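Values in this document were obtained by computation on a predicted structure and should not be read as measured data. Counting starts at 1 for both ligands and their atoms, following the listed order.
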Amino acid sequence: MTKKIHINAFEMNCVGHIAHGLWRHPENQRHRYTDLNYWTELAQLLEKGKFDALFLADVVGIYDVYRQSRDTAVREAVQIPVNDPLMLISAMAYVTKHLAFAVTFSTTYEHPYGHARRMSTLDHLTKGRIAWNVVTSHLPSADKNFGIKKILEHDERYDLADEYLEVCYKLWEGSWEDNAVIRDIENNIYTDPRKVHEINHSGKYFEVPGPHLCEPSPQRTPVIYQAGMSERGREFAAKHAECVFLGGKDVETLKFFVDDIRKRAKKYGRNPDHIKMFAGICVIVGKTHDEAMEKLNSFQKYWSLEGHLAHYGGGTGYDLSKYSSNDYIGSISVGEIINNMSKLDGKWFKLSVGTPKKVADEMQYLVEEAGIDGFNLVQYVSPGTFVDFIELVVPELQKRGLYRVDYEEGTYREKLFGKGNYRLPDDHIAARYRNISSNV
Ligand SMILES: Cc1cc2nc3c(=O)[nH]c(=O)nc-3n(C[C@H](O)[C@H](O)[C@H](O)COP(=O)(O)O)c2cc1C
């Protein structure tokens, strides 16, 4: 196998991302999340390790389902306090040259016109190193705080997301022609108004006449990620995503999602190879097996079951404080769910513990057998998990020819899909909005 593995660092602009309780670990620096130096140092570290991207998760509500209260989440810093991820990016871009930034933003709460402008701005400032992880998240507390009167059902949130992207594509791909900005000093023409177009979008959810406020950025449309594994979510991924962040930790589950999304993509006239698949992975690596186990035990000591129950409640809507261990949720007993949750075993993602060779073997196996293209690497301690990975696993992957030794030149899209591919390919649905002037 010669395919290079893409690796992103999985982060969030908060204290407790998904390893709840570990903020108390003596080596953990998560409390520094409000310090810009934490982020610039992290970005430089990741670039030293030749990472593809820093992937930033986000939520805009509180996990208040467990015990019908927000107290557990607030007390234990379960994704609260949580700051805005977009604000971090220009500083990190300033201290790096190649690292990309994949930022999560939900289509459920804020209007596409402002979001399209923020993404274009970041694509300019990063010189084409920005990606958007599209999610359709739903948290009741977010619905209330954003003043959402009519709460949409699951599948309709994806219908809205379809239209949200259509608006963004029209703004990014069609509103400004490539040569609209001419900077003609003699004739006092910065931009030729004939080459800036209204988009005249009128749909079920949005009315956006346009034009876009930004001139074309290096990638125009940011690299589109998607995360959401329901049937409707996979259909959405097949239509829009260039990268998919998959849930699942075993080969069978991952392979099912990969094959399913690639098959669906053909329906939209897309080359299935134009979609890169990412799995989450948790890595605890040591020079020896014993050293890795020692780290695992030290992490387990700080693991918080209560924190994970609060996260689970917010994510699924099930308040496990109301169930007995013999009750069932789907095909799993509540006792088993709680038992799984109490252990640091890679709840959502594959956990790989051991020597660099063992970790590299397991990563290689997942890539070869499930057909994935890369990983989002989960942290236990920050930045220690990434430091360990870069010092121990990266050289092992490089030795096997599975990981870049030097960065490729170009935008994030080019690093993923090859030189010259800085814009979306013609088989992507957004391409139809390119010549908007002749369509409207
Ligand atoms: C691997 C993975 C990561 C996700 N990360 C986020 C996130 O950071 N923020 C968020 O609001 N939702 C996140 N989601 C959930 C999405 O909000 C998704 O849109 C929602 O669960 C509905 O999708 P689904 O029912 O299709 O799975 C994630 C989902 C998956 C599978």
**Fill in**
Result for side chain to side chain contact (heavy atoms under 4.5 Å, CB included) between His138 and one of Leu152, Ile148, Asp143 points to Asp143
**Request:** Applying side chain to side chain contact (heavy atoms under 4.5 Å, CB included) between Pro112 and each of Tyr164, Tyr205, Tyr169, report the one that passes.
**Result:** Tyr164
Can you list the ligand 1 atoms lying under 4.0 Å from a non-hydrogen atom of [X]?
X      : answer
Met229 : 24 (P), 26 (O), 27 (O), 31 (C)
His154 : 24 (P), 25 (O), 26 (O)
Ser230 : 24 (P), 25 (O), 26 (O), 27 (O)

**Residues Glu235 and Lys239 bridged, charged N to O under 4.0 Å** = no
**Message:** Considering Gly61, Ala227, Pro85 one by one, which has a heavy atom nearer to atom 5 (N) of ligand 1 than any of the others?
**Reply:** Ala227
**Prompt:** Who's closest to atom 6 (C) of ligand 1 heavy-atom-wise, of Val135, Asp155, Leu139?
**Reply:** Val135
**Request:** Could you tell me if any non-hydrogen atom of Phe236 lies under 4.0 Å from any atom of ligand 1?
**Result:** no
**Request:** May I ask you to check whether Asn133 has an N/O atom sitting below 3.5 Å from an N/O atom of ligand 1?
**Result:** no
**Asked** Among all residues two or more places apart in sequence or in another chain, which pass the ring pair (Phe, Tyr, Trp, His ring centres under 6.0 Å) test with Tyr407?
**Response** His98
**Request:** Give a yes or no on whether atom 11 (O) of ligand 1 lies under 4.0 Å from any heavy atom of the protein.
**Result:** yes
**Message:** Is it the case that the side chains of Gln219 and Asp123 hold a donor-acceptor pair, with the cut-off being a distance below 3.5 Å and no angle test?
**Reply:** yes
**Request:** Return the residue, atom name and 0.1 Å-rounded distance of the protein heavy atom closest to atom 7 (C) of ligand 1.
**Result:** Asp58 O, 3.5 Å
**Request:** With sequence neighbours left out, write down each residue that passes salt bridge (Lys or Arg N to Asp or Glu O under 4.0 Å) with Lys301, or none if nothing qualifies.
**Result:** none
